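A short worksheet on the structure shown next.
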Amino acid sequence: MSTPSQSTSLPSQFTPAEVEGPLYERWIERGYFTADPSSNKPPYTIVIPPPNVTGSLHLGHALQHSIMDALCRRKRMQGYDVLWLPGMDHASIAVQNLVERHLAETEGKGRFDYTREQFIDRAWDWKNEYGGKILGQMRRLGEGVDWSRERFTMDSHLSRAVQTIFKRLYDDGLIYRAERIINWCPRDLTSLSDIEVDHADEPGELVSIRYGSLDGGANSIVVATTRAETMLGDTAVAVHPEDERYQHLIGTTVPLPLTNRQIPIVADEHVDPSFGTGAVKVTPAHDPNDFEIGQRHSLPSLTIMDERAVITVPGPFEGLDRLEARSAVVAALREEGRIVAEKRPYVHAVGHCSRCDTIVEPRLSLQWWVRVETLAKAAGDVVRDGRIEIIPESMTPRYFAWVDGLRDWNISRQLWWGHRIPVWYSPDGSETRCLGPDETAPEGWVQDADVLDTWFSSALWPFSTMGWPEDTADLRKYYPTSVLVTGYDILFFWVVRMTLFGLYAMEDVQPFDQVLLTGIVRDAHGKKMSKSRGNVVDPLVWMDAYGADAVRMSLLQGANPGADQAVNEEWVVGARNFCNKLWNATRFAMLNGATVAGELPSDLSGADAWIISRLNGVISEVDDLYERYEFAKMADLLYHFAWDEVCDWYLELSKVTLADEATAPATRRVLGEVLDTLLRLLHPAIPYVTDALWPTLTGGQSLVIAAWPVSDTGRIDKDAEAEIADLQAVINEVRRFRSDQGIRPSQRIPAQLTGLATHEAAVRTLLRLQEPEADFAATASLTTSTGVVVELDLSGTIDVAAERARLSKDLAAAQKELVTNAGKLGNESFTGKAPEDVIAKVRSRAEAAEAEIARIDAALAALPDA
RNA sequence: GUCCCGUUAGCUCAGCUGGUUAGAGCGGCUCGUUUACACCGAGUAGGUCGGCGGUUCGAAUCCGUCACGGGACACCA
């Protein structure tokens with residue numbers, strides 16, 4: 001350590017705006033955040049969940065990034081070779097929507113007014129503009145990411161990784177093309193995976209329609225539906241095989257109303273005989289369940305709508321939108337007298353496109369699929385056998401529920417922005433070929449028009465970013481990553497898929513050892529932040545007002561594992577105040593000659609020994625809390641240690657020892673030690689303020705590369721802690737007495753102290769008690785719980801009523817304590833069954849309560865009559 | 001419908017492998033220019049721990065049940 005600076009030039013307030021920018025520049029210039037696979041330090045790796053290039057970071061990102069930065073900074077200080085890899089996701093459908101909207105607004109054109117190439121160029125322009133905004137926010141927050149390894153899911157190398165794994169899966173038979181019912185968005189004109197569909201309960205209307213003869217006889221059947229227009233595509237009516245009402249109809253046909261088609265009546269287990277009439281119309285091309293029934297009974301699938309959900313069946317309904325068609329069909333059926341029961345309100349779940357909220361249309365379509373069965377089994381096993389640990393553990397059932405029930409994954413999207421499916425078709429369509437990144441298609445062959453689901457490339461993120469499929473130094477050193485930090489809301493979207501593909505691509509090595517799931521950041525009243533509610537907070541606004549450290553600290557203070565957290569501006573204000581407190585504590589230390597030079601004296605006493613003891617205890621606690629990802633508790637511990645113990649007690653007590661040349665040198669060294677260590681401990685959470693102070697205090701380079709404190713258990717001194725606890729008790733009790741008596745805090749009072757073994761100077765200074773002079777005459781006296789008698793010379797009479805009230809209150813508390821504990825001791829069940837140590841504890845508490853009662857009784861008796 | 005989480009001070013949350021007078025931050029009230037900090041200091045008020053029942057010597061903590069809130073998944077026309 002170089003010569004400590006005695007600079008006292010610190011201003012009396014911390015101003016984040018002046019510190020943050022230059023400090024971040026310095027960290028980057030010095031290359032502190034650049035990982036070095038050739039170093040022999042052990043690796044610690046986190047890949048950032050790539051934010052969508054759709055705009056800006058929200059508070060949820062700020063929380064996760066604060067956590068990741070804290071983890072990485074601590075590990076770096078502990079001597080690890082840390083790789084924190086940043087990047088962004090191309091977010092296929094989300095970005096395409098935004099670019100379409102943007103073009104519509106600025107140029108008044110739709111997607112199909114552009115060629116595919118033109119549109120993709122526009123999307124890249126958009127990415128370059130908004131991506132930069134996100135990176136700026138990350139710098140502002142102080143994130144120690146390795147910018148030399150920044151990645152984007154559509155970088156050429158990552159695209160090669162996508163194509164490579166696609167081909168491997170294809171060659172292994174794990175990717176196939178098939179016609180199935182998929183979720184189709186008639187606005188975005190693309191298929192959607194199940195998790196891109198949000199279900200919402202909505203009121204609908206159930207209409208009952210009579211198929212077959214109109215006389216109500218045995219050769220007719222009534223079905224109920226909320227989607228009357230789909231009857232145009234019915235190819236059967238299904239009933240339960242054991243439904244006695246319909247036995248005679250099974251195997252027969254009925255004419256489909258409004259058309260000339262005959263459709264069969266089939267028996268299928270899927271039908272619930274207790275619902276409605278127990279008969280279901282079957283539209284295989286427009287309903288997933290009906291499709292399955294259709295498969296079981298070899299029914300034809302009739303597609304009756306086009307991509308925009310407009311009816312294509314020739315006739316009166318052709319050209320109508322599905323909703324217009326619904327009422328038109330009902331009207332036509334009513335005219336024929338086929339509406340049996342009028343519309344009945346019926347609430348049912350309706351699927352909406354999670355990106356544009358349009359009602360999803362189930363549609364029969366030719367798409368690409370990943371066969372997930374074996375992959376999902378492996379992804380489940382890796383958590384079951386503990387190779388991946390999910391934190392908090394309570395989230396694991398949800399993980400299993402997902403992987404164990406995983407259905408084949410529809411990976412093709414009818415979009416332009418994304419990775420194009422690497423499959424080519426021969427000119428006559430007779431041949432299909434999947435190509436790797438270094439292969440080219442024969443002349444005249446045409447590439448599949450679709451792109452891949454965004455999550456396909458995101459699933460490769462932990463290894464595609466490190467150079468896979470090449471065998472790179474980064475991959476060898478940094479894979480598998482140490483911990484994945486993300487919100488529980490994308491456990492399924494992303495975490496599961498990374499696990500599937502990581503195990504597949506990386507020879508059964510999991511992509512991360514741990515998954516740390518954070519909660520959702522909510523507004524001050526626990527409501528989800530959303531644009532429609534108008535309660536979204538831009539982290540930049542708070543950073544501008546209170547500094548990045550304050551935002552980080554307040555988020556960490558609320559970060560309990562897996563739990564959602566409400567944040568409000570008052571917390572950020574409090575965290576800002578804390579940073580300023582730390583600033584001024586360090587300033588005080590430096591003004592008083594704090595030093596880090598030389599060994600810490602081994603024979604410390606009093607407050608010095610106490611605070612060093614506490615400091616070492618706190619170091620171990622902080623380590624433990626970090627290992628358990630208990631950020632809220634870690635932040636709370638350091639907050640209270642710094643504020644309550646260091647600032648409110650130790651700094652005040654140090655003023656006494658600093659005033660005495662005999663004790664001042666040790667205290668200066670201890671002050672230096674305490675502030676030095678405290679700044680190190682806080683640096684991962686609040687990097688700016690700590691690293692603005694620390695080099696000035698210690699003469700060191702930067703906290704980023706400073707060593708993480710190690711607890712010295714030899715410094716734990718229970719005697720010193722007890723000694724200061726007694727001192728605090730005396731001071732607290734006299735302060736309370738003074739306050740109850742209405743004595744102003746600054747008023748100096750002559751006092752006689754007896755029974756105080758040590759620290760008389762501290763007691764007098766902190767309590768503003770003067771030495772008794774010749775004319776000293778005690779007018780008030782109190783005996784503290786530690787047996788110290790304090791006699792005070794108050795100029796006036798004391799407020800006997802106030803004092804009596806105070807003592808009575810204490811007495812009541814002590815009596816309650818005695819009753820509780822003596823009651824337990826008198827209970828044979830308790831003394832017979834409770835463990836010995838609990839009984840001993842209760843006994844000593846009872847005794848302490850008795851002593852307290854005696855003391856207070858005496859004090860009350862000593863009071864003059866009112 | 002299945003599953004998960006929550007219900008503790010005015011607000012937001014800790015505490016819950018059962019055993020201090022149930023804690024913190026913010027907010028409230030009183031006092032205060034004590035030379036690090038008013039982005040401060042000292043003091044203080046405030047809770048029958050959602051309801052009911054059970055287990056236990058002992059329950060905020062364990063079990064059952066109900067109510068309310070949040071969420072995930074699956075959905076029958």
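Computed from a predicted model, the values in this text were never measured in an experiment. Numbers restart at 1 for each chain; the letters A, B, ... are given by sequence-line order, proteins then strands.
- Using atom C1' as the reference point in both B/U8 and B/G69, the two lie 15 Å apart (nearest Å).
- A/Asp272 comes within contact range of at least one nucleobase, with a heavy-atom separation under 4.0 Å.
- Side-chain N or O atoms of A/Arg736 include none that pairs as donor or acceptor with a backbone N or O of A/Ile731 at under 3.5 Å.
- Atom CD of A/Glu18 has 12 or fewer neighbouring heavy atoms from other residues, nucleotides or ligands inside a 6.0 Å radius.
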(message) Base contacts versus sugar-phosphate-only contacts with protein, heavy atoms under 4.0 Å: please encode nucleotides 27-37 of chain B as B, S and - from 5' to 3'.
(response) ----SS-B-BB
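- Distance from the side chain of A/Lys633 is smallest for B/A14 among the nucleotides B/U21, B/A14, B/G70.
- Spacing between B/G50 and B/C68 at atom C1', rounded to whole Å, works out to 8 Å.
- Using a 4.0 Å heavy-atom distance criterion, A/Asp287 is classed as making no nucleic acid contact.
- Looking at A/Arg522 and A/Gln565, their side chains never come closer than 4.5 Å, going by heavy atoms from C-beta outward.
- With sequence neighbours excluded, the residues that form a side chain to side chain donor-acceptor pair (under 3.5 Å) with A/Lys633 are A/Glu630.
- If you take CD1 of A/Ile520 and P of B/U12, they are 18 Å apart, rounded to a whole angstrom.
- Between A/Glu269 atom CD and B/A77 atom P there is a gap of 19 Å when expressed in whole angstrom units.
- Spacing of P atoms, B/C73 relative to B/G25, comes out at 38 Å, to the nearest Å.
- OP1 or OP2 of B/C26 has not a single side-chain nitrogen or oxygen of A/Asn568 nearer than 4.0 Å.
- Look at B/A38: it lacks any Watson-Crick or wobble partner with both distances under 3.5 angstrom.
- A/Val223 comes within 4.0 angstrom of no nucleic acid atom, judged by non-hydrogen atoms across all strands.
- Between A/Arg736 and B/U44 there is a side-chain polar atom (N or O) within less than 4.0 angstrom of OP1 or OP2.
- In this structure, CD of A/Glu569 is placed 15 Å from C1' of B/C11, rounded to the nearest angstrom.
- In this structure, the OH atom of A/Tyr639 is 19 Å from the P atom of B/G23, given to the nearest Å.
- Put simply, CH2 on A/Trp571 is 11 Å from P on B/C26, counting in whole angstrom units.
- Side chain of A/Thr820, nearest nucleotide from B/U21, B/C13, B/A24: B/U21.
- Relative to the six-membered ring of A/Trp649, A/Arg735 meets both conditions, a distance below 6.0 Å and an angle of at most 45° to the axis.
- Base pairing analysis places B/A72 opposite B/U2; the two distances defining the Watson-Crick or G-U wobble pair are each below 3.5 Å.
- Here B/U56 sits opposite no nucleotide as a Watson-Crick or G-U wobble pair (both hydrogen-bonding atom distances under 3.5 Å).
- Rounded to whole Å, the distance from CD on A/Gln565 to P on B/A24 is 21 Å.
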(request) Evaluate ring pair (Phe, Tyr, Trp, His ring centres under 6.0 Å) for A/Trp542 paired with A/Tyr546, printing each intermediate quantity in order. (result) CA-CA 6 Å; A/Trp542 282 354; A/Tyr546 308 107; 7.6 Å; no
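- Taking atom C1' in both B/G51 and B/A60, the straight-line distance is 15 Å, to the nearest Å.
- Rounded to an integer number of Å, the gap from A/Ile221 CD1 to B/A77 P is 18 Å.
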(message) Working note: A/Phe737 + A/Gln741, criterion side-chain contact (heavy atoms from CB on, under 4.5 Å); need CA distance, chi angles, decisive distance, verdict.
(response) CA-CA 6 Å; A/Phe737 175 84; A/Gln741 292 297 319; 3.8 Å; yes
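- Within 4.0 Å (heavy atoms only), A/His270 reaches no atom of the nucleic acid at all.
- Using the Watson-Crick or G-U wobble rule with both distances under 3.5 Å, B/G43 pairs with B/C29.
- Separating the CD atom of A/Glu817 from the C1' atom of B/A22 is a distance of 13 Å, rounded to the nearest angstrom.
- For A/Ala692, the side chain to side chain contact (heavy atoms under 4.5 Å, CB included) criterion is met by A/Val19, A/Leu23, A/Trp583, not counting sequence neighbours.
- Remark: B/U20 base-pairs with no nucleotide; criterion is Watson-Crick or G-U wobble with both hydrogen-bond distances under 3.5 Å.
- Base pairing of B/U61: no nucleotide in any strand meets the Watson-Crick or G-U wobble criterion (both distances under 3.5 Å).
- A cation-pi contact, defined as under 6.0 Å to the ring centre and within 45° of the axis, links A/Arg497 to A/Trp409.
- Close to B/G71, at under 4.0 Å from its OP1 or OP2, lies no side-chain N or O of A/Arg398.
- Picking from B/G19, B/G41, B/G71 the nucleotide with the shortest atom distance to the side chain of A/Pro835 gives B/G19.
- Residue-level contact check: A/Ala401 touches neither bases nor backbone, having no heavy atom under 4.0 Å from any strand.
- A/Thr226 and A/Glu205 form no side-chain donor-acceptor contact under 3.5 Å, judged by distance and modelled atom types alone.
- Along RNA chain B, the nucleotide closest to A/Glu828 and the one closest to A/Tyr488 are compared, and the more 5′ of them pairs with A/Glu828.
- Closest to the A/Asp740 side chain, of the nucleotides B/G43, B/G25, B/G71, is B/G43.
- Residue whose closest nucleotide on RNA chain B sits further toward the 5' end, between A/Ala814 and A/Arg407: A/Ala814.
- In a base pair of the Watson-Crick type (N1 to N3 plus N6-O4 or O6-N4) or a G-U wobble (N1-O2 and O6-N3), with each distance short of 3.5 Å, B/G50 is matched with B/C66.
- Taking only side-chain nitrogens and oxygens, A/Asn732 comes nearer than 4.0 Å to OP1 or OP2 of B/G43.
- Distances shown here put a side-chain N or O of A/Trp643 below 4.0 Å from the OP1 or OP2 atom of B/G41.
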